[in-house]
**Q** 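Here you go, one structure.
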Amino acid sequence: MIAEAFENREPQGSKQLILDRLRGRAVPSDGLPEVDPGRLIKFDDRIRQFQETLEFVGGESHLVDSPEQVREILEGIDAFSSADRIASTYPEAIEPTVDLAKVSDPHLLSSLGWTIARGEFAIAENGAIWIDGATLPHRVMIFIAQYLAIVVSRSQIVDHMHDAYARIGAPRPGFGVFVSGPSKTADIEQSLVLGAHGCRKLQVFLTP
Amino acid sequence: MNVALFVPCYIDQFFPDVAISTLELLESQGLSVAFPEMQTCCGQPMANTGCTADAAPVARQFVEMFSGYDAVVCPSGSCTSMIRNHYSEYFADDDQRFIKLRDSTFELCEFLVDRLGVRTIKGRFPHRVSVHSSCHGLRELRLGACSEQMVPRENKLRILLESLEGVEVVPISRQDECCGFGGTFAVTERETSVAMGVDRVQDHVQSGSEVLVAGDMSCLMHMQGLIRRREMPMQVMHIAEVLAGRPLPTKQTASAAR
Amino acid sequence: MSIALPIVDHPQAAKDFVNNVPRSHWHDDSLWFVRTKRDRQAQSLPEWEYLRETASAIKRHTIANLPDYLQEFEANAIRMGAVVHWAADAAEHNEIVLGLLRKNKTHRIIKSKSMLTEECGLNEFLIDNGIDVVDTDLGERIVQLRGETPSHIVLPAIHIKKEEVGETFHQHLGTRKGEADPQVLTEAARGHLRGKFLEGEVGITGVNFGIAETGGIVVCTNEGNADLGVSLPRIHIACMGIEKLVPRFENLAVFTRLLARSATGQPITSYTSHFHGPRDENSELHIVLVDNGRSRIRDSDTFRDALNCIRCGACMNTCPVYRRSGGHSYQATVPGPIGSVLGPTKDMKAHKSLPYACSLCGSCTDVCPVKIPLHHQLLAWRSELVGKRLLAWNKRVGMKAASWLFRHPRLFFTAGYTARVALKYLPKSLTHNRLNEWAIDRDLPDPPKQSFRAWYAQNRNVAKPEQPE
């Protein structure tokens, strides 16, 4: 039986107990394998691959050349033009209506309609975008807004996750997230529904 | 080449024509084929139930009986896999006699294609055929590519089947799902086993096939039992029978009776 | 304090589900659909098998060197500002979590999906201690409202029909009676859970991967519930099995490529979140490292690879038994092939039927992204069970008798002869009765005139080994 007696436990006793148990059984092993980059997929056209995959995962992408174009496209979307509360870390295109610096408690962002955020780079194989938490005054803005737009440079698209992690490098204390498409669920009879708890839709703007 | 025919116990007793077809096929390749007459069973029923102590002496008897041939050929992927993949626990790591036997035991189609280099069987089988890929042949002997792995492999059964004149192999919707036989599973998990089998047969019926062909008679015995009980419009044949030129059985003369 | 678990009788527990043919087919089709999506994703990567190979090698290396990597992880997690707790078993894990809630005078927690907390029975334990537990994964919330347990580790409500979800939501969330549109029901759950998110005082998540080199943890969801659940409250408790480690940050690439593709046929989950330390100086991140039997599994050369598991659920989706018998028939936190391997490690006797709930088709082994030899392990369990005399008496005796018969060829030939004759001449009422499990649903084969060996003796000119016919 696994559930053994662990009464009379000292604080930190279980750490020692677990480590002792593990050390009590030496297991021979091979070294940690290295991934051979030569064996990984490469896309001829990373931008197109990214766009197709993003569409597959329920997101929409737009090739744009200027912040003005971002604004024009967003203003053409009803859910945007009617939104009151907008958080933005991309003021070149969209001026925020919520001053994130003055929000002390993330709960105050509960009625956020839109978040416009910056992505560091994107990944062709899975349509994901890396958002560095350091660019977010409140990380909840990515998840609590009804709609999310991410702006990322189309010159910053890598083939796959191996290149993505290499690109991030050594993580600093904090947070980072790969976002691939809008929030979704298929928990009711495998019917895909966009907008589970996070954003209902995801717009990605690919700038030069 | 000095070849021994290994006939699984239930084929010997209930489906002799499968063994006769196998023998004829091998003889037609110019081989001299021996049938070690004291053979019984490879021990798989015990091993698959976990009764390894009961399987061990049967395994040792098997090796005793079949050593000394250039090749041992068996019309069953499952029984062949028992020797190749599951016998090692009954023998010492350096037991040369066992190792030699293990490496020279083949499933029928694999023997024809890999060992003899046969790609064509002369014959005619003017029927719409669907193939049931028996699990042990597929996933333990790798007689073909399975849908889970992204590894291209030649399908040895199909190479031979498709070489027959007039044959039309029709696709089924789930190319390699288990039929639910599973040895004692068929009895201990009867309800699930039957549900799996009925679904498998339905898939073949819907494909428009006239006859369901497989390399393992155990799967076919299970599915045939379901087909007959439910009077489903499908015949079953072992690949050896098809390749040996047997005609499609009529309702009255099922493949077993000869 | 070892508690004997109730004995699971899989065939019995499966009966109702399997015999409800339309429902069983519907369940089978839903999961096969997921398996098909997985195949398409696997096909899209030429390096798929290379990734599986690499993932398996990384996991094996990690499990072999687990004590070192755990200590490295702890040191780095502390350096990042997290608090690390160690729990030897489920009870200690639950006490640690409750202790943290008490310390913060918390009564409302929001949880995202964690198979570890299911395994530890955390919800029941916290509710018994007066804590309001809200599961936020939609599937988990559905089963929670219905007073059920998840039937699948990735798709907790896969066994429930949308009409039934509609009824549950009508009762608990006030949706219109008869409403069964997944879109509408999901929207209702979104509204209902938004309120819960905002009220939550502590967020609890599982962990998909812990990184020894950096002390970070990774949580993957599609709904965004884990992120919402930990970005609002000040305290994040992450519950993590000790086998969840990977050595290096870069190793995550291999696993994030395999996980969602194997699980749901997506190229990656919608959100793959990396936490290195707490949110800010006013927040706390607690990581609870749980053994609960894992070190015991590691001791076994036969079953160690089961610790490779990344809980993708692909073995369930592909298992022809699971698809037809439903997750609840396993009566275990983790059902399906991997569950049938893990169950007996907790209590062999209670789970003795699970390794036999398998036709040994091997599909699970080939679908597994970390190459756990699942069907070989299930077979290995059978011989462990027989060794411990846990196989039913009549089956053990039957196999002994068969073994004896196979070692006495002449008697075997006679027995075969007798059986064929019996089949031929006995009335169907005798050969196809309820005592013959085979023949309840299946006809027996037509008995041939003679065995192969008898034919061979006649036709190939050797001495007759059998009774005259």
Side-chain angles (χ1 to χ4, degrees), chain B residues 7 9 11-17 19-20 35 37-38 40-41 43 45-46 48-52 54-55 57-58 61 135 139-140 146-151 174 177-178 180-196 199 221-222 224-226 228-229 254 256-258, chain C residues 10-11 14-15 18-19 21 24 28 32 39 42-43 48-49 318 320-321 324-325 356-363 365-367 379 382-383 385-386 391 395-396 399-400 402-403 406-407 409 412 416 419-420 437-438 440-448 450-453 455-456 460 462 465:
Chain B
V7 176
C9 46
I11 289 187
D12 174 32
Q13 296 297 325
F14 292 105
F15 305 99
D17 189 48
I20 298 168
F35 175 70
E37 60 168 307
M38 298 308 276
T40 54
C41 170
M46 299 104 203
N48 280 4
T49 312
C51 299
T52 38
D54 299 316
V58 179
Q61 172 183 288
C135 299
R139 299 193 187 85
E140 294 207 332
C146 65
S147 60
E148 298 86 3
Q149 286 196 345
M150 303 303 131
V151 179
R174 298 189 189 176
E177 173 122 316
C178 177
F181 170 66
T184 50
F185 173 84
V187 176
T188 49
E189 290 269 358
R190 177 174 55 82
E191 269 101 347
T192 304
S193 164
V194 167
M196 286 163 67
D199 288 354
M221 174 172 71
H222 163 67
Q224 188 183 52
L226 295 166
R228 291 202 183 158
R229 179 63 58 88
R258 180 190 153 108
Chain C
H10 184 270
K15 221 167 224 159
V18 179
N19 290 341
V21 175
S24 171
D28 169 59
W32 185 257
D39 291 352
Q43 280 152 9
W48 182 256
E49 296 300 329
T318 205
V321 177
R324 286 174 186 80
S325 71
Y356 292 94
C358 161
S359 63
L360 296 175
C361 78
S363 182
T365 301
D366 281 352
V367 90
L379 184 56
R382 295 180 187 185
S383 89
L385 288 162
V386 171
L391 180 67
K395 288 195 185 99
R396 245 173 28 230
M399 286 304 159
K400 278 217 178 318
S403 171
F406 290 141
R407 279 177 282 148
F412 167 70
R420 285 198 314 279
E437 280 275 343
W438 173 273
I440 292 171
D441 287 302
R442 287 169 281 228
D443 276 11
L444 289 161
D446 296 331
Q450 56 182 179
S451 66
F452 171 72
R453 69 185 64 238
W455 178 92
Y456 188 82
R460 290 296 185 274
V462 288

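Sequence lines set the chain letters: A, B, ... in the order given, protein chains first and strands last, and positions in each chain run from 1.
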**Q** Under 4.5 Å between any side-chain heavy atoms of C/Tyr456 and B/Val7, yes or no?
**A**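 Counting from C-beta outward, C/Tyr456 and B/Val7 never come under 4.5 Å.
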**Q** Drop me the distance from C/Ser359's OG to B/Phe181's CZ, to the nearest 0.5 angstrom.
**A** 10.5 Å
**Q** For residues B/Gln224 and C/Asp443, determine if any side-chain heavy atom of one lies less than 4.5 Å from a side-chain heavy atom of the other.
**A**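 No, their side chains stay 4.5 Å or more apart.
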**Q** Rounded at 0.5 Å granularity, tell me how far CH2 in C/Trp455 sits from CG in B/Asp12.
**A**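 Rounded to the nearest 0.5 Å, the CH2-CG separation comes out at 12.0 Å.
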**Q** Given the options B/Gly183, B/Ala55, B/Cys9, which has more heavy-atom pairs under 4.5 Å with chain C than any of the others?
**A**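 Heavy-atom pairs under 4.5 Å are most numerous for B/Cys9.
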**Q** If you count heavy-atom pairs under 4.5 Å between each of B/Ser193, B/Cys135, B/Gly180 and chain C, which one has the most?
**A** B/Cys135
**Q** Can you tell me how far the CG atom of B/Asp54 sits from the CZ atom of C/Arg396, to the nearest 0.5 Å?
**A**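 Rounded to the nearest 0.5 Å, the CG-CZ separation comes to 10.0 Å.
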**Q** Do B/His222 and C/Trp438 come close enough that some side-chain heavy atom pair is under 4.5 Å?
**A** yes
**Q** Of all the heavy-atom pairs spanning B/Met150 and C/Asp39, show the shortest one and how long it is.
**A**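 Nearest heavy atoms, B/Met150 then C/Asp39: CE-O, 4.2 Å.
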**Q** Do B/Arg174 and C/Trp32 make a side-chain contact, defined as non-hydrogen atoms from C-beta onward lying under 4.5 Å apart?
**A**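 Yes, side chains in contact.
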**Q** Quick one: does B/Arg229's side chain have a donor or acceptor within less than 3.5 Å of a partner on C/Arg442's backbone?
**A**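 Yes, B/Arg229 side chain to C/Arg442 backbone: donor-acceptor pair under 3.5 Å.
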**Q** Do you know which two heavy atoms are closest between B/Cys146 and C/Asp366, and how far apart they sit?
**A**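 In terms of heavy atoms, the two residues are closest at SG-OD2, 3.3 Å.
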**Q** Using non-hydrogen atoms only, which part of C/Gln43 is less than 4.5 Å away from chain B: side chain, backbone, both, or neither?
**A** both
**Q** For C/Phe406, is there any backbone N or O sitting under 3.5 Å from a side-chain donor or acceptor partner on B/Thr40?
**A** yes
**Q** Are any side-chain N or O atoms of C/Asn19 and backbone N or O atoms of B/Glu191, one a donor and one an acceptor, separated by less than 3.5 Å?
**A**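 Checking the backbone N and O of B/Glu191 against the side chain of C/Asn19, no donor-acceptor pair under 3.5 Å is found.
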**Q** Considering only heavy atoms, which portion of B/Gln149 lies under 4.5 Å from any heavy atom of chain C: side chain, backbone, both, or neither?
**A**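 For B/Gln149, heavy atoms of backbone and side chain both lie under 4.5 Å from chain C.
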**Q** Counting only heavy atoms closer than 4.5 Å, note whether C/Arg324 contacts chain B via side chain, backbone, both or neither.
**A** side chain
**Q** Looking at every non-hydrogen atom in both residues, tell me the closest pair between C/Phe452 and B/Pro16 and how far apart they are.
**A**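 Smallest heavy-atom distance, with atoms named: N-CB, 3.6 Å.
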**Q** Contact part of C/Ala42 toward chain B, heavy-atom cut-off under 4.5 Å: side chain, backbone, both or neither?
**A**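 Both the backbone and the side chain of C/Ala42 come within 4.5 Å of chain B.
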**Q** Against chain B, label C/Leu391 side chain, backbone, both or neither, depending on which of its atoms sit under 4.5 Å from a heavy atom there.
**A** side chain
**Q** What I'd like to find out is whether the side chain of C/Ser363 reaches to under 4.5 Å of the side chain of B/Arg139, using heavy atoms alone.
**A** yes
**Q** So, for B/Leu226 and C/Asp441, which heavy atoms are closest and what is the spacing to 0.1 Å?
**A**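 That would be CD2-O, 3.6 Å.
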**Q** Heavy-atom pairs under 4.5 Å with chain B are the metric here; pick the option from C/Ala419, C/Pro409, C/Cys361 that has the most.
**A** C/Cys361
**Q** Quick check: closest heavy atoms across B/Glu148 and C/Glu49, and the distance to 0.1 Å?
**A** O-OE2, 4.3 Å
**Q** Heavy atoms only: give me the nearest B/Arg228-C/Leu444 pair and the separation to one decimal.
**A** NH1-O, 4.3 Å
**Q** Working to the nearest 0.5 Å, report the span between NZ of C/Lys15 and CD of B/Glu189.
**A** 10.0 Å
**Q** Pairing donors with acceptors under 3.5 angstrom, does anything connect the side chains of C/Arg382 and B/Thr184?
**A** no
